[in-house]
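Working notes, beginning with the structure itself.
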Amino acid sequence: MFKTTNAVQIHVSLDEIEPEIWRRLVLPSGWNLGQLHLAIQAAFNWWNYHLHEFQIGGLRYGNVELLTEDADEDDSRVFDWHEVRLRDFRRGAVFNYVYDFGDNWRHSITIEEFVALDVAPKHATCIDGARARPPEDVGGVPGYERFLEIMSDKTDPEHADTRRWCGGYFDPEWFDLAVVDKDVRNALRQNVKRRLHQPKPKRNEPTTA
């Protein structure tokens, strides 16, 4: 018997960083781009402090009021992200999400498949992923590369200050599915608080100083 699709599986990855930093999410197909934004923020534990937008087929989608507040006449038009829902895409569609116009964290989003779940989902879930996202305000891809160099070299004169700045440790390979999935499930909660740093490793687990 034919079942109506009610969920969508997507793959989200950060551009220009190798090895790849990525998450695989399953979301209600009726969610709009504003809700997808919150799911991505939760999946990567971004702090939602900076401007952001989706770029689809050469067009910009986002919070119109925020993105046009200081816009010039020559700036391209911003379309309301609440008017686009995940079910409007086709399987295999690829588009972009940009967070923090200073650091310019560009994410590639792929619509992998539409799913007919027995019970329509009410929230998003994370089902897979790899690696930790860079620290907020690290300076984009070049800044992150320099950050990793400093953190891996205890003789670097910036090592002590940088280590304190990032919470005392940072493991670029960190990914805990249970932790990330919990964050994603709570993505739409009001006043949700993000972790300022990676969860502290359990005793006997290696850390990257």
Side-chain angles (χ1 to χ4, degrees), residues 7-28 31-56 61-63 66-67 81 86 94-112 121 123-148 151 165-167 169-201 207-208:
V8 58
Q9 178 177 301
I10 68 171
H11 182 278
V12 187
S13 63
L14 268 174
D15 294 353
E16 300 183 64
I17 297 178
E18 293 292 341
E20 185 181 19
I21 300 170
W22 62 276
R23 306 288 185 262
R24 177 166 286 116
L25 310 177
V26 175
L27 311 98
W31 275 18
N32 59 47
L33 293 180
Q35 293 165 310
L36 174 58
H37 151 72
L38 293 175
I40 295 173
Q41 287 284 312
F44 289 88
N45 194 48
W46 292 124
W47 298 348
N48 202 15
Y49 285 177
H50 302 284
L51 289 175
H52 43 269
E53 68 180 20
F54 290 92
Q55 298 173 351
I56 306 171
Y61 293 83
N63 184 314
L66 286 177
L67 292 175
W81 57 1
L86 294 176
V94 179
F95 55 101
N96 298 107
Y97 168 76
V98 180
Y99 172 63
D100 186 350
F101 295 171
D103 280 7
N104 194 39
W105 298 117
R106 188 175 179 85
H107 306 65
S108 292
I109 303 167
T110 302
I111 304 293
E112 293 190 321
H123 51 68
T125 58
C126 180
I127 60 174
D128 203 359
R131 309 189 77 234
R133 58 103 171 134
E136 287 266 7
D137 301 321
V138 78
V141 174
Y144 181 51
E145 293 173 347
R146 174 59 183 147
F147 167 80
L148 292 179
M151 290 293 286
W165 173 77
C166 74
Y169 56 87
F170 182 83
D171 181 3
E173 300 302 323
W174 179 88
F175 176 78
D176 187 317
L177 179 58
V179 170
V180 175
D181 182 50
K182 182 179 180 180
D183 290 342
V184 172
R185 287 173 179 269
N186 293 323
L188 301 192
R189 286 183 59 186
Q190 295 292 324
N191 302 318
V192 63
K193 293 183 179 180
R194 300 287 182 225
R195 292 181 304 278
L196 295 182
H197 309 294
Q198 283 185 12
K200 291 184 178 181
T207 61
T208 300

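Just so it is clear, the structure is predicted and the values come from calculations on it, not from any experiment.
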Verify side chain to side chain contact (heavy atoms under 4.5 Å, CB included) between Ile17 and Arg131, making sure each step is shown before the conclusion. CA-CA 11 Å; Ile17 297 178; Arg131 309 189 77 234; 4.1 Å; yes
Whether Gln198 side chain and Asp171 backbone form a donor-acceptor pair below 3.5 Å: yes
Can you tell which of Glu136, Arg106, Glu53 makes a side-chain hydrogen bond (donor to acceptor under 3.5 Å, both in side chains) with Tyr99? Glu136
Leu196: what forms a side chain to side chain contact (heavy atoms under 4.5 Å, CB included) with it, not counting sequence neighbours? Trp47
Given the rule in the side chain to side chain contact (heavy atoms under 4.5 Å, CB included) test, do Tyr144 and Asp103 qualify, once you have shown the distances and angles that lead to the verdict? CA-CA 10 Å; Tyr144 181 51; Asp103 280 7; over 6 Å; no
How about Phe175 and Ile21: do any of their side-chain heavy atoms sit closer than 4.5 Å? no
Is there a side chain to side chain contact (heavy atoms under 4.5 Å, CB included) between Leu38 and Asn48? Walk through the geometry before answering. CA-CA 8 Å; Leu38 293 175; Asn48 202 15; 4.0 Å; yes
With heavy-atom distances below 4.5 Å as the criterion, would you say the side chains of Phe170 and His197 are in contact? no
Will you find, in the side chains of His52 and Trp81, an N or O donor that is under 3.5 Å from an N or O acceptor? no
Would you say the side-chain atoms of Asn186 pair up with the backbone N or O of Arg189, donor to acceptor, closer than 3.5 Å? no
Expected output: side-chain Asp15 to main-chain His107 donor-acceptor under 3.5 Å: no
How many angstroms lie between OH in Tyr61 and CG in Leu36, if you round to the nearest 0.5 Å? 13.5 Å
Is the backbone N or O of Trp105 less than 3.5 Å from a side-chain atom of Tyr97, with the two atoms forming a donor-acceptor pair by type? no
Sidechain-backbone polar pair: Asn104 side chain, Gly140 backbone, donor-acceptor under 3.5 Å: no
CG of Leu27 to CD of Gln9, rounded to nearest 0.5 Å, is 10.0 Å
Hey, what do you get for CD1 (Ile127) to CZ (Arg23), rounding to the nearest 0.5 Å? 13.0 Å
dist Asn45:CG -> Arg133:CZ (nearest 0.5 Å) comes out at 5.0 Å
For the pair Glu112 and Arg24, find out whether any cationic side-chain nitrogen is under 4.0 Å from an anionic carboxylate oxygen. yes
Does any part of the side chain of Tyr49, heavy atoms only, come nearer than 4.5 Å to the side chain of Asp100, both counted from C-beta? no
Which value, rounded to the nearest 0.5 Å, describes the distance between Cys126 atom SG and Arg185 atom CZ? 10.0 Å
Step by step, would you call Gln35 with Leu188 a side chain to side chain contact (heavy atoms under 4.5 Å, CB included)? CA-CA 7 Å; Gln35 293 165 310; Leu188 301 192; 3.9 Å; yes
Any side-chain heavy atom of Ser108 within less than 4.5 Å of one from Asn96? yes
Closest heavy-atom pair, Val184 versus Ala39, reported as atoms and distance to 0.1 Å, is CG2-O, 4.3 Å
Taking every heavy atom of Leu25 against every heavy atom of Ala43, the minimum-distance pair comes out as CD2-CB, 4.0 Å
Can you name the nearest heavy-atom pair linking Leu33 to Ile56, along with the distance? CD1-CD1, 3.8 Å
Please find the pair of heavy atoms, one from Pro134 and one from Trp46, that lie closest to each other, and give the distance. O-CZ3, 3.7 Å
Give the minimum heavy-atom separation between Leu86 and Pro28, together with the two atoms involved. CD1-O, 3.7 Å
If you count heavy atoms of other groups shown closer than 6.0 angstrom to CZ of Arg194, is the number above 12? yes
Going from CD1 on Ile40 to CD1 on Ile10, what distance comes out if it is rounded to the nearest 0.5 angstrom? 5.5 Å
Do Pro172 and Leu148 come close enough that some side-chain heavy atom pair is under 4.5 Å? yes
Over 12 foreign heavy atoms within 6.0 Å of CD, Glu20: yes
